[in-house]
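See structure below.
Because the structure is predicted, anything quoted here is derived from the model rather than measured. Each chain gets a letter, A, B and so on, in the order its sequence line appears, and its residues count up from 1.
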Amino acid sequence: MTGNGWVQLIVYCAIVTLLTRPLGGYMARVFNGERTPLSPLLRPLERAIYRVCGVDERAEQHWVVYAAAMLFFSLAGFVSLYALQRLQGYLPFNPAGQGAVEPSLAFNTSISFITNTNWQSYTPETTMSYLVQMAGLTVHNFVSAATGIALAVALVRGFARRQASTIGNFWVDLTRCTLYILLPVSVVVGLFFVWQGMPQNLNAYTEATTLEGAKQVIAQGPVASQEVIKIFGTNGGGFFNANSAHPYENPNALTNFVQMILIFAIGAGLTNMFGRMVKDERQGWAIYAAMGVLFLGGAITALLAESEPNPHFAAFGVDGVAGPAQAGGNMEGKEVRFGIADSALFATVTTDTSCGAVNSMHDSFMPLGGFVPLVDIELGEVIFGGVGSGLYGMLAFAIVAMFVAGLMVGRTPEYLGKKLESKEIRMTILALLSLPLSILGWTALATVVPEGLAGIANTGPHGFSEILYAYSSSTGNNGSAFAGINANTLFYNTTLAGAMLIGRFIFVIPLLAVAGSLASKKLLPPSAGTFPTHSPLFVGLLVAVVAILGGLTYFPAVSLGPIVEQAAMTAGTLYPAPSP
Amino acid sequence: MRKQIRPAILMIVVMTVLTGLAYPLAMTGIAQALFPAQANGSLIEKDGRVIGSALIGQNFASEKYFHPRPSAITGTDPNDPTKTVATPYDASNSGASNLAPTSQALIDRVKGDAAKLKAENPNQPIPVDLVTSSASGIDPDITPAGALFQVPRVARARGLTEDQLRTLVLRNIQTRFAGVLGEPRVNVLALNLALDALAAGK
């Protein structure tokens, strides 16, 4: 790994850390319903939305009502997105003349975007009209992100409130998040992206005649407006097939760096908002520190692994050593403008969170390079995490960590002054077990049925990794892929949609129950026996719980994929292409 | 609980109008006013015709031009819609090989490409970017090493000296942003346009 790679990593960490507190403070104001600097502009619009939708903004909701509102909203989004795709041939903004999307693909895509996954079984350039990209996919990039953040805020209110029967109003959280957080940043950074070279037009695809006289058709579209929220809302669904590797979606190293910062920004800011809402910012920094440790472990592993050139290439006279004139390393599936450092770092960032945008192809990573995104997802994407889902996932792990600590000393566990009793522990475990059940269960199914095996693009352990990654990514609502896999089949479109639904709703509904239960409890004053949850000891315990739960659950599966492949690569084994 | 159904439907409609129509259309209007060149795809025109985009890679096959990286984009075979064929640098599509590091197909492809490059310049090691396919399939850039490696071939084909071309390559290197971000690179289309200008003026 080059010195420049280290510098980029350090600069990145510094900027994310500097943003955490201001963003946390702003988000706390937004979700506490306080005035913000943008209120004079946005408050009238906010009130108009409540009036049109018949929402009483002062009416608070019990957790069951909050969950029901969230589910109805997701269902309505699913229906509208499915209809848009099926009817796009009859609708405007379709210069490329795309026809109706095939039913199983439209189903998969709708589930994918309402769950904030943005798994893409389709090739956007050749499938989706501009109208679907804007009024379908971009909309869900906003509202599925806002939904995730709302759910996290509801859980935090569970800790912050005492003897309360409600955890907020879903419609208010959704609206305020969209208006005050997501839209303003999208407008400003979106225009910055255009300035840097991202297209923003409704033109038909351009036909160019190259210097050699050949024809080149260049896809166009309203790219920047979708790109910015794809990244900021940790959605990840690209405007183009190549996602953030496409030069129009990510023209240069500066846009790439801004994208990486935006991916972590809300997740990092939410830790601080959490600290503020429970009236002790140190609690937020403890969560932040645990996330930071896990991030650095993954990032450094990926950077080191990808800096190595493919060992087979040297025999052909290929030079893969980094120097002033080239980045070297494993360049298959990577762009020259990003090289190794920006590609490996982006891969880590996008899978620590539930983003799933890619600027390089994870399928062609070195075995241990690809191991990092896979394991990051399987740990539950709690390393800053998806917008909202990262925080509520990490708080679930924090509850388990305090439960473990309570068992060790023989006391009823408590966290932030709330007693953690049988109901909270059962619900948390239910949530945390739903993920491996989905990932490992679906993977096991796909590896024994011909429909599953038909999709793989590489044989040997890597083919298994492709399947495992697909179900990890869909369950984790990530959306990135070992993209060689052909998932646009009835089998994969359906089973992956099932995994996405489990990962989103079966995971979060028990946590809303925890929120409701915690909100109704009294606040216990800290005593001499209270385990301080802002201490380095707590950070270590939390990191260990995340690593051990992930490690023990997924180790057998991961060892059949990347770990065996690493051994095979060292031994010089090669695997033939799958027979057609 | 059933009282939540009506706001759910209305909220999707309102959000679609706001974030799905008003926002992207307003952004399109502002972008077209402030940054028309970029907003329309950074297209390059020569003699009134669009020859490509500054950001999108193109296939150059002639000996007289610098070549881009291998592209793994595939498309439907126009003669047989059940088959796919290689369509390198087709910018109405994008994509990568997605081959594993332990794939026989990857190693065979690299071996073949390396042998061809070795034949055109036997004296230098082959920069790795020239034998690996990019993530987008339309990578506009090659590394400085990848450009310098091709200098002897292009010099022979053009009747220019290697020194002239080496100077041309060095002038066309884009450095890291602020000296830190990204990697040094050479835009192949820009380099080839500069090459044509140099050849015309010699």
Is it the side chain or the backbone of [X] that comes within 4.5 Å of chain A heavy atoms, both, or neither?
| X | value |
| --- | --- |
| B/Ala72 | neither |
| B/Leu18 | side chain |
| B/Lys46 | side chain |
| B/Gln32 | side chain |
| B/Leu43 | side chain |
| B/Ile44 | neither |
| B/Val14 | side chain |

When rounded to the nearest 0.5 angstrom, what distance separates [atom1] in [X] from [atom2] in [Y]?
| X | Y | atom1 | atom2 | value |
| --- | --- | --- | --- | --- |
| A/Ile218 | B/Asn40 | CD1 | CG | 12.0 Å |
| A/Tyr248 | B/Ser53 | OH | OG | 3.5 Å |
| A/Trp171 | B/Gln4 | CH2 | CD | 6.5 Å |
| B/Arg2 | A/Phe72 | CZ | CZ | 9.0 Å |
| A/Leu191 | B/Gln38 | CG | CD | 11.5 Å |

For [X], is it the side chain, the backbone, both or neither that has a heavy atom under 4.5 Å from a heavy atom of chain B?
| X | value |
| --- | --- |
| A/Thr175 | both |
| A/Val228 | side chain |
| A/Pro461 | neither |
| A/Phe365 | backbone |
| A/Leu45 | side chain |
| A/Thr178 | side chain |
| A/Gln326 | both |
| A/Leu179 | side chain |
| A/Phe313 | side chain |
| A/Val187 | both |
| A/Ala214 | neither |
| A/Thr210 | both |
| A/Leu131 | side chain |
| A/Met569 | both |

Using every non-hydrogen atom in the two residues, find where [X] and [Y] come nearest and quote the distance to one decimal.
| X | Y | value |
| --- | --- | --- |
| B/Ala114 | A/Val318 | CB-CG2, 4.2 Å |
| A/Glu212 | B/Ser62 | OE2-N, 2.8 Å |
| B/Ser134 | A/Glu335 | CB-OE2, 3.3 Å |
| A/Leu211 | B/Asp196 | CD1-OD2, 3.9 Å |
| A/Gly197 | B/Ser42 | O-OG, 4.1 Å |
| B/Asn98 | A/Asn458 | O-ND2, 3.1 Å |

Chain A: which of [options] shares the most heavy-atom pairs with it under 4.5 Å?
| options | result |
| --- | --- |
| B/Ile173, B/Leu10, B/Ile126 | B/Ile126 |
| B/Pro125, B/Ala96, B/Gly41 | B/Gly41 |
| B/Thr102, B/Val50, B/Thr143 | B/Thr102 |
| B/Leu34, B/Thr132, B/Asn192 | B/Thr132 |
| B/Pro127, B/Ala105, B/Gly146 | B/Pro127 |
| B/Asp129, B/Ile9, B/Leu21, B/Ile138 | B/Ile138 |

Any salt bridge between A/Lys334 and B/Glu183, counting N to O under 4.0 Å?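 Looking at B/Glu183 together with A/Lys334, the answer is no, because their closest N to O distance does not fall below 4.0 Å.
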
Looking at A/Ala253, A/Ala219, A/Gly333, A/Ala341, which makes the most heavy-atom pairs under 4.5 Å with chain B?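 Most heavy-atom pairs under 4.5 Å with chain B: A/Gly333.
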
Beyond-backbone contact of [X] with [Y], side-chain heavy atoms, under 4.5 angstrom:
| X | Y | answer |
| --- | --- | --- |
| B/Met11 | A/Val52 | no |
| A/Met361 | B/Ser97 | no |
| B/Thr19 | A/Thr138 | no |

N/O donor-acceptor pair under 3.5 Å between [X] side chain and [Y] backbone:
| X | Y | value |
| --- | --- | --- |
| A/Gln200 | B/Pro24 | yes |
| B/Tyr23 | A/Ser225 | yes |
| A/Gln216 | B/Asp90 | no |
| A/Asp342 | B/Gly182 | yes |

Looking at B/Lys118, I'd like to know if its NZ atom is crowded, meaning that more than 12 non-hydrogen atoms belonging to other residues, nucleotides or ligands lie closer than 6.0 Å.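 Counting neighbours around NZ of B/Lys118, more than 12 heavy atoms of other residues, nucleotides or ligands fall under 6.0 Å, so yes.
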
